[in-house]
Protein chains: 2
Amino acid sequence: MSVSRRGRPAGPTGPVIGRALRLLDAFDAERRELTLSDLARRAGMPLSTTHRLMQELCAWGAVERGTDGLYRIGLRLWELGSLAPRGPGLREAALPFLEDLSRITRENVQLAVREGAEVVFVERIASSDAVPVLTRVGDRFALTATGVGLVLLAHAPVEVQEELLNGPIVRYTAKTVTDPAQLRRMLADVRSNGFSISDRQVTMDALSVGAPIRDRQGEVVAAVSLVVRHGSTTSHALARLVRTSAQAISRALSV
Amino acid sequence: MSVSRRGRPAGPTGPVIGRALRLLDAFDAERRELTLSDLARRAGMPLSTTHRLMQELCAWGAVERGTDGLYRIGLRLWELGSLAPRGPGLREAALPFLEDLSRITRENVQLAVREGAEVVFVERIASSDAVPVLTRVGDRFALTATGVGLVLLAHAPVEVQEELLNGPIVRYTAKTVTDPAQLRRMLADVRSNGFSISDRQVTMDALSVGAPIRDRQGEVVAAVSLVVRHGSTTSHALARLVRTSAQAISRALSV
DNA sequence: GACAGTCTTCCATTTTCCGGAAAGTGCTCT
DNA sequence: AGAGCACTTTCCGGAAAATGGAAGACTGTC
């Protein structure tokens, strides 16, 4: 029946919610404002579909549309995001300690949590006279390279560790450790020492020292790190400092 | 065909995205963790539907599910929210000035934007020895009562003003102005003076003074306010202070 | 004024979504 | 123990909502 004249008529091709969320994914730190066509291109959807979905998102306030026709993430979404427990709650508790750390060392301070097999940076305090770091709040990174990543990986569930160690490991520089056996040893060190060192594993001029933050139950929920220029200070002195700071934050979380 | 034995089979009853977003709406500052049944109740949906929708949202990372089975807002949503231009961008630019204001006056400082016919508080610095205020970050309020609200309403598009002035006006206290004509006069004053005064219009013990923050184009995009105990200081001195601060923030926004 | 780029509306087609019912969990109380 | 209860998960036929090509409206540019 129905000769289906020329182009095939139509019919859903995937879960609706998934498509809507894929559209939201098209936004990132570099592209906070997008046209309808941009969104359609980036999400790989027909224009008409994109248009309809964006209308629904707009109606609720997830996205906003300026007088110029550009779409932006809406306030409503920001409000919702503020309710995420790991992000903002942790962030607020840790902020004063991070500032202390920044003031004392005059180096870059970072706060991150694990999300699946990645680190997500939740807060970052940059010092003007420190190594310029490339990470921004909200950025994601491989767990295997950064100081915070090593801490979070070392205390992650075994399944996550195994999956990462058995899979391909991202290489950023010549110093990035990609050998599973060596990584295993590093993770064991992190657990016994209470801090991690990522020596030029992300960029050749920087080194980062990380330490775990624990919740009331002793579970590792986040990590702090200090990013310093390679060869600047004794890393042991830094390690003590970061570890102490992480413990202070853990204590603050428990109240 | 199909006798439809007892209960009616099924069929969509509303836009999918809308329903998903309604579920997310069930979360608020007091209830950051919800069970499936809670969500179903609060959103007024069948359990099975709720379950399926939450699964989809989980798969993408909009919400997370702890080992305890409770749903929480996910990090992914926080990341997205951080991309909202009016919220975080403005917030960061204004923060240092708000802190100055807080230090100088030792009173409560608030930063807010307009969303439709409401004010949304974007940032708030509380002083320990000031009037306890009831607003939290992310809270919404009527435009007609607060100091920030009056500023934002005074510079809102005419349609918004008319709609609000012609509709019913929320009354919080005996001093809340609900007469459209009087409100019109107040708004005109706000525009010519460059600041607003909301005298005991929200609570009987507090008074707030607001001033507009403008973007590069001179458009009013936000408002700052100082909340002080009724009868504490000369409001004129405060008005000057708030207005100066708002202008400084406007300047900072334009770079 | 034709063109290339956006954005918006329409509509026949069909696939995804719906939700009652029932089975599966993990408790507290008797 | 096992009945009782609250919460969670899976199943499935049917129906409505979602789909996307095409065509129309609206720019701004050569």
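Nothing here was measured: the structure is a model prediction, and the numbers come from that model.
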Rounded to whole angstroms, how far apart are [atom1] on [X] and [atom2] on [N]?
{"X": "B/I17", "N": "C/dC18", "atom1": "CD1", "atom2": "C1'", "value": "16 Å"}
{"X": "B/M54", "N": "D/dC7", "atom1": "CE", "atom2": "P", "value": "16 Å"}
{"X": "B/M45", "N": "C/dC18", "atom1": "CE", "atom2": "P", "value": "8 Å"}
{"X": "A/L23", "N": "D/dT19", "atom1": "CG", "atom2": "P", "value": "10 Å"}
{"X": "A/D68", "N": "D/dG28", "atom1": "CG", "atom2": "C1'", "value": "16 Å"}
{"X": "A/Q55", "N": "D/dT19", "atom1": "CD", "atom2": "P", "value": "13 Å"}
{"X": "A/D38", "N": "C/dC7", "atom1": "CG", "atom2": "P", "value": "8 Å"}
{"X": "A/L47", "N": "C/dC10", "atom1": "CG", "atom2": "P", "value": "16 Å"}

*Where each residue is assigned the nucleotide of DNA chain C containing its nearest heavy atom, which of A/V16 and A/R41 is assigned the position nearer the 5′ end?*
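Between the two, 5'-proximity favours A/R41.
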*Specify the residue among B/L53 and A/S48 whose closest nucleotide of DNA chain C lies further upstream toward the 5′ end.*
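By nearest-heavy-atom nucleotide position, the 5'-most residue is A/S48.
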Is there a side-chain polar atom (N or O) of [X] under 4.0 Å from OP1 or OP2 of [N]?
{"X": "A/R19", "N": "C/dT15", "answer": "no"}
{"X": "B/R52", "N": "C/dC17", "answer": "no"}
{"X": "B/H51", "N": "D/dT9", "answer": "yes"}
{"X": "A/T49", "N": "D/dG20", "answer": "yes"}
{"X": "B/S37", "N": "D/dT8", "answer": "yes"}

_Ring-plane angle category for A/F141 and A/Y172, please: parallel below 30°, perpendicular beyond 60°, tilted otherwise._
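Answer is tilted, since the angle falls between 30° and 60°.
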Side chains of [X] and [Y]: does their closest heavy-atom pair fall under 4.5 Å?
{"X": "B/L36", "Y": "B/Y71", "value": "yes"}
{"X": "B/Q161", "Y": "B/R184", "value": "no"}
{"X": "B/R86", "Y": "A/L75", "value": "yes"}
{"X": "B/E64", "Y": "A/E115", "value": "yes"}

*Given C/dC7, D/dC7, D/dA18, the nucleotide with the shortest approach to the side chain of A/T35*: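 Among C/dC7, D/dC7, D/dA18, the one nearest the side chain of A/T35 is C/dC7.
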